[in-house]
Amino acid sequence: MKVSDFFGRRVLDKKANEIGKVVDMVIKPKEGIITSMIISTSDFGLTRKDLEIVTADIEEVGDYLILNVEKAELETRTQSNTKKEKVRLDIRK
């Protein structure tokens, strides 16, 4: 399966509730491994919220991407990840 086949694919949680669609991926290019996927919960910019899943969260790939976790769990993961302290990198020599 090509990476481009994943973009726009609808995502369902383990209770078959639609979460959104795949809009982006994080890939290790040297190994050719997908490490995580970004799911958009809405098509509109104002209400759009992005959720990140790792490949371990994927149960099955077919017409839909079916996960083995619930949407609520993904939202709590995203909220805890956004609360991390931002670090500024200084590149001056």
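This is a predicted model, so every value here is computed, not measured.
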Does the pair Lys15 and Glu70 meet the rule for a salt bridge (Lys or Arg N to Asp or Glu O under 4.0 Å), with working shown? CA-CA 7 Å; Lys15 291 185 176 182; Glu70 292 183 28; 3.6 Å; yes

If Ile, Leu, Val, Met, Phe, Trp and Tyr residues are connected whenever their side-chain heavy atoms lie under 4.5 Å apart, and connections chain through other members, are Ile34 and Leu74 in the same group? yes

Could you measure the distance from the CD1 atom of Ile66 to the CZ atom of Arg10? Nearest 0.5 Å is fine. 14.5 Å

Answer whether the closest heavy-atom distance between the side chains of Leu67 and Ile58 falls below 4.5 Å. yes

Show the numbers, then the answer: is there a side-chain contact (heavy atoms from CB on, under 4.5 Å) between Val69 and Lys14? CA-CA 5 Å; Val69 294; Lys14 72 178 186 180; 5.8 Å; no

Evaluate Ile53 against Leu65 for side-chain contact (heavy atoms from CB on, under 4.5 Å), listing each step before the verdict. CA-CA 11 Å; Ile53 61 167; Leu65 196 69; 4.2 Å; yes

Could you give the distance from NZ (Lys21) to CZ (Phe7), rounded to the nearest 0.5 Å? 12.0 Å

Has Asp63 got more than 12 heavy atoms of other residues, nucleotides or ligands less than 6.0 Å from its CG? no

Walk me through it: do Asp57 and Asn68 pass the test side-chain contact (heavy atoms from CB on, under 4.5 Å)? CA-CA 6 Å; Asp57 295 335; Asn68 57 13; 4.1 Å; yes

Report yes or no: does Thr41 contribute a side-chain atom to a donor-acceptor pair with the main-chain N or O of Gly20 at less than 3.5 Å? no

Where is the tightest heavy-atom contact between Glu52 and Ser36, given as atom of each residue plus distance? OE2-OG, 2.8 Å

The test is side-chain contact (heavy atoms from CB on, under 4.5 Å); show your working for Arg9 and Tyr64 and say whether it passes. CA-CA 6 Å; Arg9 190 165 296 232; Tyr64 292 91; 5.7 Å; no

Quick one: CG on Leu12 to CD1 on Ile19, what's the gap to the nearest 0.5 Å? 7.5 Å

Indicate if Val11 and Leu51 have the same hydrophobic cluster label, given that clusters are the connected sets of ILVMFWY residues with side-chain heavy-atom separations under 4.5 angstrom. yes

Here the gap from Ile39 atom CD1 to Glu18 atom CD, rounded to the nearest 0.5 Å, amounts to 10.5 Å

For a quick test of reading the model, state the closest non-hydrogen atom pair linking Val61 to Phe6 and the distance between them. CG1-CE2, 4.1 Å

